[in-house]
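A short worksheet on the structure shown next.
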Amino acid sequence: SPHDFLDTFDEFDQDKNGMLEPTEVADAAQSLGICAELLQVSDQAVSRDEFVGACQKLIGNGPRQVVIKLMQDQTQWQREKDARAHHKL
């Protein structure tokens with residue numbers, strides 16, 4: 001639920017400035033089982049709203065969706081990476 005994503009945000013907002021630095025986003029993404037690249041809204045720090053929004057977009061709000069969505073994302077992500085490596089993009 002959005003509440004969980006807020007908890008995750010707060011947990012990784014080390015300096016409690018209401019923003020996650022790129023390294024903090026990467027750690028938070030890992031804790032949620034998401035590729036950091038998928039969650040990285042920008043190469044700047046990410047606000048709570050941006051973080052929660054990105055999580056909801058990627059994961060949705062239900063635990064069952066999470067597994068399905070992550071499996072799809074993971075597979076797609078791998079295909080994309082393989083294709084890029086293959087075509088040297």
Side-chain angles (χ1 to χ4, degrees):
S1 75
H3 186 68
D4 297 333
F5 299 140
L6 284 174
D7 288 346
T8 302
F9 182 95
D10 291 338
E11 184 184 334
F12 288 95
D13 181 12
Q14 299 293 323
D15 46 11
K16 303 296 176 221
N17 66 349
M19 301 292 284
L20 287 188
E21 307 307 316
T23 53
E24 294 171 336
V25 172
D27 292 342
Q30 196 175 14
S31 83
L32 291 168
I34 310 172
C35 292
E37 290 86 348
L38 294 174
L39 198 56
Q40 192 65 52
V41 182
S42 70
D43 52 2
Q44 308 298 312
V46 176
S47 73
R48 284 181 102 198
D49 288 347
E50 287 172 325
F51 179 80
V52 171
C55 286
Q56 285 178 306
K57 210 161 63 179
L58 281 169
I59 296 177
N61 290 326
R64 192 162 14 150
Q65 279 177 295
V66 171
V67 177
I68 295 165
K69 183 81 177 131
L70 284 180
M71 279 166 49
Q72 287 170 344
D73 283 345
Q74 217 72 49
T75 309
Q76 259 172 321
W77 180 246
Q78 199 53 54
R79 266 195 225 124
E80 174 82 7
K81 271 194 349 195
D82 293 348
R84 282 170 184 266
H86 185 70
H87 296 293
K88 308 242 183 313
L89 291 178

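This one's a predicted model, so the numbers in the text were calculated from it and none came from an experiment.
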Count I, L, V, M, F, W, Y as connected when their side-chain heavy atoms are under 4.5 Å apart, and connections chain through other members. Are Val46 and Leu58 then in the same cluster? yes

Residue pairs passing the ring-ring contact (aromatic ring centres under 6.0 Å, His included) test where at least one lies in residues 10-38, sequence neighbours excluded: none

If I take atom CD from residue Glu24 and atom CG from residue Asp13, how far apart are they, to the nearest 0.5 angstrom? 6.0 Å

Connected via hydrophobic side-chain network under 4.5 Å: Ile34 and Leu6: yes

First locate atom CG of Leu20, then atom CZ of Arg48, and finally report the distance between them rounded to the nearest 0.5 Å. 9.5 Å

Could you tell me which non-hydrogen atom of Gly18 sits nearest to which non-hydrogen atom of Phe9, and how far apart they are? O-CZ, 3.4 Å

Reported CG-to-SG distance for the pair Asp4 and Cys55, which is rounded to 0.5 angstrom: 10.0 Å

Taking atom CD of Gln14 as the centre, does the number of heavy atoms from other residues, nucleotides or ligands within less than 6.0 Å exceed 12? yes

Of all heavy-atom pairs linking Glu50 and Ala45, the shortest is OE1-O, 4.1 Å

Residues passing the salt bridge (charged side-chain N to carboxylate O under 4.0 Å, His left out) test with Asp49, sequence neighbours excluded, are none

What one should report as the nearest heavy-atom pair of Asn17 and Glu21 is ND2-OE2, 3.7 Å

